[in-house]
Structures are given as structure tokens and as C-alpha cells.
Amino acid sequence: MLNIKEGSTSHSAYNLRSVYSDIEERHTLAVIVENEPGVLARVIGLFSGRGYNIESLTVAEIDHTGHMSRITLVTSGTPQVIEQIKAQLGRIVPVHEVHDLTVEGPTVERELALFKVRGEGDHRVEALRLADIFRANVVDSTLESFVFEITGTPEKIDAFADLMRPLGLTELARTGVAALSRGPEARV
Amino acid sequence: MTGQTEQTGGQMTGAKMVVQALRDQGVDTVFGYPGGAVLPIYDELFQQNDIRHVLVRHEQGAIHAAEGYARSTGKPGVAIVTSGPGATNAVTGLTDALLDSIPIVVLSGQVPTFMIGSDAFQEADTVGITRPCTKHNWLVKETDRLGATLHEAFHVATAGRPGPVLIDIPKDVQFATGTYGGKETRPTRYAPPVKGDPAAIEALARAMETAKRPVFYTGGGVINSGPEASKLLRDLVAATGFPITSTLMGLGAYPASGEQWLGMLGMHGLYEANMAMHGCDLLICIGARFDDRITGRIDAFSPNSVRAHIDIDPSSLNKVIRTDIPIIGDVANVLGDLMAAWSARGRKTDREGLAQWQAQIGEWRARDCLSFRNSDKVIKPQYALQRLEALTKDRDRYITTEVGQHQMWAAQYLGFEDPNRWMTSGGLGTMGYGFPASVGVQMAHPDSLVINVAGEASWLMNMQEMGTAVQYRLPVKQFILNNERLGMVRQWQELLHGERYSQSWSEALPDFVKLAEAFGAKGILCKDPADLDDAIMEMLDYDGPVIFDCLVEKHENCFPMIPSGKAHNEMLMGEVSTAHAIEAGGAVLV
């Protein structure tokens with residue numbers, strides 16, 4: 001039969017990955033869309049309507065003159081579900097491109113988070129010391145609190161949150177993941 | 001306006017732009033219902049004669065009529081509805097068209113832009129409500145963008161996998177003047193690929209050479225691809241000698257009188273068709289989507305076959321059934337390439353294997369799965385359709401249906417020789433579809449015979465369209481198989497719910513003959529099998545709309561049947577015990 005190659009995009013069925021596994025995978029997708037009203041609702045509605053997972057979603061305009069936005073989406077599912085998600089995204093009319101960064105090669109993923117940590121004495125010193133280890137910046141400070149700004153992979157931010165929790169973490173804001181392929185080529 | 005030549009470009013009001021764009025798209029008929037938010041458009045429709053407007057009696061009827069028009073002509077259907085309730089009434093029809101991939105363009109009025117979001121009178125978030133039930137939709141806030149959006153809408157509705165689109169047009173946009181640039185102004189980005197991958201097509205041609213038990217499984221995609229696709233399919237079937245079955249949606253793409261025809265497959269498909277699907281070693285799916293009504297139990301579906309799947313929508317591939325040879329492309333395009341590839345390799349098939357396969361299929365055919373016990377006392381629904389078929393099959397005939405047992409019997413007992421002759425609600429299963437659809441079909445084919453095969457319960461759901469049929473003198477024949485039951489619901493309750501017939505009978509039914517007469521149409525009542533032929537002839541000979549009230553056996557079940565949760569080779573045939581036919585696991589399925 002057909003020699004099924006590795007790697008896949010929504011616009012071709014000929015490089016479908018094998019969909020015979022039932023193991024859940026986490027994939028990061030880059031979706032290039034026309035920046036028109038309702039486009040984000042279409043994407044989100046697809047996920048809620050068909051019962052797919054969204055772990056993280058970020059969106060912003062990347063080309064003002066061309067009215068293009070980039071949605072970075074982290075989702076999970078079996079290979080068959082992941083292929084469905086990509087194909088379903090690909091047939092939304094204002095969606096221009098769907099890229100599965102997870103299968104297209106090595107990527108760099110970053111998320112920004114803000115942490116408000118409240119405490120005094122040893123806790124306060126310890127929080128500051130850990131922030132230094134994690135290369136977090138102090139962007140606001142009072143005598144009884146810090147706001148740290150940290151950038152990193154979602155795992156790094158998870159780890160920092162775990163450490164801050166016993167030290168007085170009171171509020172946390174995360175941006176969700178932005179991702180690009182590594183290397184000189186522009187894949188998207 | 002009288003006598004003045006219409007401009008095709010330049011400055012005009014949004015309302016005029018709507019009419020001009022429809023004209024430029026070659027639209028000759030629109031179905032609709034006026035209201036406050038579309039008054040400017042209706043004013044423009046009033047002042048021209050190129051486009052006929054059909055006044056329906058409910059917006060759902062407008063959408064189904066547009067669907068009937070589209071499916072019987074291959075052109076997009078057009079409907080106009082007002083804001084708020086007009087748009088929400090369109091939702092069922094839009095969803096129906098989405099699931100059956102029918103190209104329709106719906107124009108809805110909206111409250112003026114400066115009132116959007118204020119809970120104005122007859123305001124609804126129409127693009128929000130219809131987003132999941134259209135292929136795409138637009139809210140046009142500037143008159144300058146209206147023309148291009150209208151043309152883009154027709155393109156999106158018909159390109160790739162067809163579907164319904166909606167344009168929401170606020171009233172101030174209809175009144176304001178803007179620039180109209182004609183058909184060429186539409187954005188041209190949306191262009192789904194139509195040509196299949198040559199390597200995949202070659203792989204399929206290779207598989208066809210060695211297959212011992214091949215079968216074509218075709219669907220509505222063949223019809224949607226156009227007449228050329230049906231012609232190529234017939235050529236390919238004739239050249240290979242492979243047997244062919246079809247979904248409900250695809251009937252007519254291959255003629256029912258054709259030598260290789262197995263009949264419809266699926267839940268109420270023919271025994272030979274389902275057994276061929278189960279036993280085949282090469283399954284060639286063309287423009288169908290492995291719906292749950294087709295596959296039965298997924299893990300027992302066609303267990304020993306190599307599956308090829310030709311579809312224009314990448315999301316149809318590997319959605320339900322894993323495919324070995326996926327081919328994305330337009331059916332006509334791919335079939336042309338497939339025929340060329342297979343011919344270039346020498347048009348080989350495994351003749352010995354095929355002969356054995358045909359012999360096996362012959363044995364399955366000999367089961368005569370559509371046989372039923374006829375009666376001379378009461379009209380059996382199957383018999384009524386057999387007689388309808390015998391008396392109409394040589395005519396220029398279009399059939400629509402409602403949804404339920406009668407629909408399945410119509411698919412089983414009527415033969416379709418050509419595409420675009422059979423209009424039925426497949427994916428959504430919309431009761432109330434058939435009557436308005438027959439109105440749309442008759443508008444497109446004024447001189448043809450249009451019959452809506454109906455059940456009395458479905459038919460009542462959109463019976464208000466009698467007014468439309470009479471107003472426009474549409475001689476649509478409403479052939480109602482009246483069992484005074486919601487027949488399919490009753491059948492499932494018998495099989496699945498201990499014969500507790502909860503709410504599945506039709507009480508307080510109207511006298512259909514008097515109902516017809518009240519609308520100014522003709523009513524015919526028939527209850528004796530001996531009178532049936534004469535009564536059908538009376539219906540056919542009458543030049544006008546007819547309600548044919550055919551009183552049939554009340555407890556007839558529709559067979560054969562794959563019970564929920566069972567496989568293709570576990571069909572229930574008629575006249576056998578149906579006790580415990582559906583197990584607990586199957587009962588949860590619909």
C-alpha cells in the first residue's frame with residue numbers, strides 16, 4: 001500500500017502519520033488565520049463542538065498589513081484525533097495554514113507568567129533567591145510582596161509555581177504558549 | 001426603474017447590490033419571507049423581473065426549498081430571511097444542508113449596525129448562532145464590502161465540499177450607497193485542491209488489478225461533483241465489472257437498473273450490499289464518509305479489506321474508518337485520473353476472482369431481502385411504493401422524502417437511474433424536509449413530475465407550505481404513507497423498549513382530503529389495495545398539488561435492518577423474531 005511518511009499538514013493526506021496508536025500525545029499547532037471578526041470563535045467552537053482538548057491557546061496579529069494572526073494552540077489526543085483536529089482546522093475558510101510544530105521538527109516553546117508572592121522574613125528571602133535561580137525578574141515590589149516575571153517552557157513555569165506556593169503565592173497569570181520551529185527556515 | 005438598463009457596476013444601495021449580485025450569479029429563483037430587516041431588499045425585488053421570489057410560509061420551508069432547488073439542479077439555492085426569528089427559523093435547514101453538503105446561500109437581515117448589541121427588536125446574534133451550522137458566514141458592516149462578500153459567498157458555498165453559507169446584512173447597510181464592482185471583486189484565496197495525488201491513484205489502480213472481492217461504495221460526493229462524475233463512475237464500473245453500492249445520499253449516481261448495482265447499503269440497506277461490504281477485500285469509497293448509519297459496529301466493519309477513500313474534504317479521511325489509500329480530490333477529477341492510470345497499466349482485473357465474487361453475490365441476492373408478505377385487505381407500505389415505482393418510473397420524475405420508515409422504503413423500492421433525482425435529508429434526518437424540498441424542486445423543474453414520499457407525522461411538520469404550492473400552482477404530489485404512527489420511533493420502541501409505545505402514535509390527525517381542499521388543492525384517500533393503481537393514476541393525472549392519503553398497515557417494520565451495535569453480517573431480515581435483537585450496548589446508540 002501507500003508508503004505513509006512521517007510529518008503531516010492539514011492540506012495533504014499523503015504524509016499522514018500512522019494513526020494506529022491509542023496513546024495520547026501533546027501537540028503544539030501553529031494556525032495562521034485571516035484576522036477577521038469571529039475567527040477565534042470558529043477555532044474555539046470547533047474544539048468545544050467536537051469535544052477536543054485545548055491545553056493552551058494564544059492569539060495575536062502578526063502581520064498588520066496582511067491582516068494575519070497566528071494562533072498557537074497546545075492540544076492533546078490520540079494520533080487519529082490530532083490528525084482530525086488539523087484537518088478540521090484546515091477547512092475553516094479563514095484559516096490559511098495549519099502546522100503541527102510537534103511533528104515538523106524541533107521547536108522552541110515559551111510562555112510568560114507573572115507571579116504575585118506575599119510574605120515576610122525567611123519566606124521573602126527564599127522567594128527572591130529562587131527567583132534568581134529561575135532567572136525571574138522582579139517587576140513590582142512592596143515591603144510584603146513581589147511580582148515576578150518569568151519566561152520559559154510551560155514545565156519551567158509549573159516548577160516555579162510549585163516552589164512559590166508554600167512561599168506565599170497569591171496570584172498567577174500565564175500567557176499560554178508561543179512557539180517557533182528551530183533553525184533558519186521559516187516553516188509557517 | 002422601468003425601462004432603465006441595469007448597471008452591472010458602480011454606485012448603488014446595498015439592497016440593489018444584493019439583487020444585482022444575485023443576477024450576476026445567474027440566480028433565477030429565491031425562496032424567502034419578508035420582515036422589517038430585509039424590507040429594502042424586498043423593495044428592490046419588487047422592482048425587477050429577472051429573479052422570481054417564492055414566498056414560503058415559514059423560513060424553515062425556504063431553506064429546504066432552496067436545498068431541493070440546489071440538489072435537483074446542481075446550482076446553489078438561495079433564500080432570504082429577516083432578522084431575529086427569521087434567522088433562527090433557518091437554523092434547522094442550514095444544519096441539514098451542512099450535514100448533506102448542499103450549496104445554499106442564505107441572506108438574513110439584521111438590525112442596523114448602530115443598534116447591534118442593544119437587544120433591539122428582532123435582534124439575534126445571527127452569525128454567532130449560525131457559525132456552527134454553516135460552512136462559513138459573514139456579517140457585512142460596510143456597503144462597499146457587500147458586493148465582494150456576496151460573490152465570495154457563492155464561491156465558498158460551491159467550491160470544495162459544498163455547504164450552506166449565510167450573509168447577515170444590517171438594514172442600514174442595505175439603505176446606504178456603496179461601490180459595486182461585479183463578480184471579479186471577490187477575494188480568491190479559498191481554493192480547495194481538486195486533483196488527487198498521482199501516487200495514491202496509482203496505488204489504487206494497482207490494488208484494483210489484484211482484488212478478488214472488490215466493491216465500490218459511493219455517496220453524495222459523486223452527485224455533488226456533477227454529472228461528469230456520475231458518467232465516469234458508470235464507465236469505471238462497466239470497465240472493471242466491480243459491484244457497486246451507494247449510501248442514501250448517492251442514489252442515482254449509478255443507475256438502479258445497472259448490472260453491477262447492489263442496492264443501498266447501511267442500516268436499512270440491502271442484504272447483498274452489506275454482505276459485500278463485509279466480505280470484500282478491496283473497498284473503494286468514493287464521496288462517502290463512513291457515517292454510523294453505514295458502518296454498523298466499527299470494530300467489525302469490513303474486516304478483511306484494503307480501504308481506499310476518495311474525498312474532497314481531508315477531514316473525512318481517517319475520521320471514522322482507517323484508510324489504506326487516502327485520495328484527496330474532486331470525484332470527477334480523481335475518477336478521470338484513476339481510469340487513465342488503470343488503463344495505462346493494461347486494464348487488468350482478476351477475472352477468476354471476480355467471477356467467484358459475483359457468484360457469491362448472486363447467492364446473497366437470491367435471499368431476496370426486500371420480499372414482504374403482501375395483503376389484499378390492507379395496503380402494505382412496500383406495496384404502495386412498488387406500485388408508485390411501476391406507474392412513474394418511465395416519467396421525468398423527481399422524488400423527495402421526509403424522514404422515517406417511508407424514507408427507507410422509498411430508498412429500497414424506488415429505482416433511480418440518474419443523479420439529482422432524489423432529494424432526502426440524510427445526515428441530519430430532518431422531519432419536515434420533503435414537502436418544502438418538493439416545492440424547490442418543482443420551481444426548478446416546472447414540467448417534471450415531483451413526488452414527496454412522506455409519512456403523515458413528518459409531513460405535518462411543514463404542512464403550511466401547502467399555501468406556497470397552491471399559490472405558485474406547483475403540481476407537487478404529496479404521497480403520504482399514513483400509518484397513524486411515528487413509524488420508525490414505534491419500530492425502535494418495539495425492538496428496544498419492550499413494546500412500550502411512548503408518544504409514537506399520531507392522534508387527532510386531520511382529514512387530509514379536506515385539508516387539501518381547504519388549501520384549494522386536491523385530496524385523494526386510498527385504503528384498499530385494489531384501488532391503489534387507479535388512485536395513483538388519478539394523482540398523476542391531476543394538474544395541481546395533490547395530497548394522497550394512503551392508509552397503510554399500521555405496524556409494519558422496516559427490514560432488512562442492521563440493529564444498533566451490530567455488524568454488516570448480522571442483519572435482521574423481515575418475518576423473523578426481533579426479540580433481543582438489540583443488546584444493551586447497542587441500545588445507547590441512536
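Lettering of chains follows the sequences in order, A, B, ..., and the numbering in each one begins at 1.
- Residue-environment remark: CG (B/D299) exceeds the threshold of 12 foreign heavy atoms within 6.0 Å.
- Only the side chain of B/D313 comes within less than 4.5 Å of a heavy atom in chain A; its backbone stays farther off.
- Within 6.0 Å of the CZ atom in B/R297, the count of heavy atoms belonging to other residues, nucleotides or ligands exceeds 12.
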What do the steps show when you test B/R161 against A/R91 for side-chain contact (heavy atoms from CB on, under 4.5 Å), and what is the final call? CA-CA 9 Å; B/R161 180 176 178 173; A/R91 69 183 197 144; 3.4 Å; yes
When you look at B/R131 and A/L46, which way does the side-chain contact (heavy atoms from CB on, under 4.5 Å) test go after all the steps? CA-CA 10 Å; B/R131 199 173 284 130; A/L46 168 67; over 6 Å; no
Please test B/K319 against A/E83 for salt bridge (charged side-chain N to carboxylate O under 4.0 Å, His left out), starting from the C-alpha separation and ending with a verdict. CA-CA 9 Å; B/K319 180 171 69 176; A/E83 293 308 316; over 6 Å; no
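- Nearest heavy-atom pair across B/R322 and A/D22 is NH2-OD1, 3.9 Å.
- Smallest separation of non-hydrogen atoms from B/L317 and A/Q84: O-NE2, 3.9 Å.
- Counted within 6.0 Å of NZ on A/K156, heavy atoms from surrounding residues, nucleotides or ligands total more than 12; the atom is thus considered enclosed.
- Contact between B/S315 and A/A87 at its shortest, heavy atoms only, is CA-CB, 3.4 Å.
- Within 6.0 Å of atom CZ in A/R135, 12 or fewer heavy atoms from other residues, nucleotides or ligands are found, so the atom counts as exposed in its surroundings.
- The parts of A/P94 that come within reach of chain B are both its backbone and its side chain, each placing non-hydrogen atoms under 4.5 angstrom from that chain.
- Counting non-hydrogen atoms of neighbouring residues, nucleotides and ligands closer than 6.0 angstrom, the CD atom of A/E185 reaches no more than 12 such neighbours.
- Annotation for A/E120: atom CD does not count as buried by contact number, only 12 or fewer foreign heavy atoms lying within 6.0 Å.
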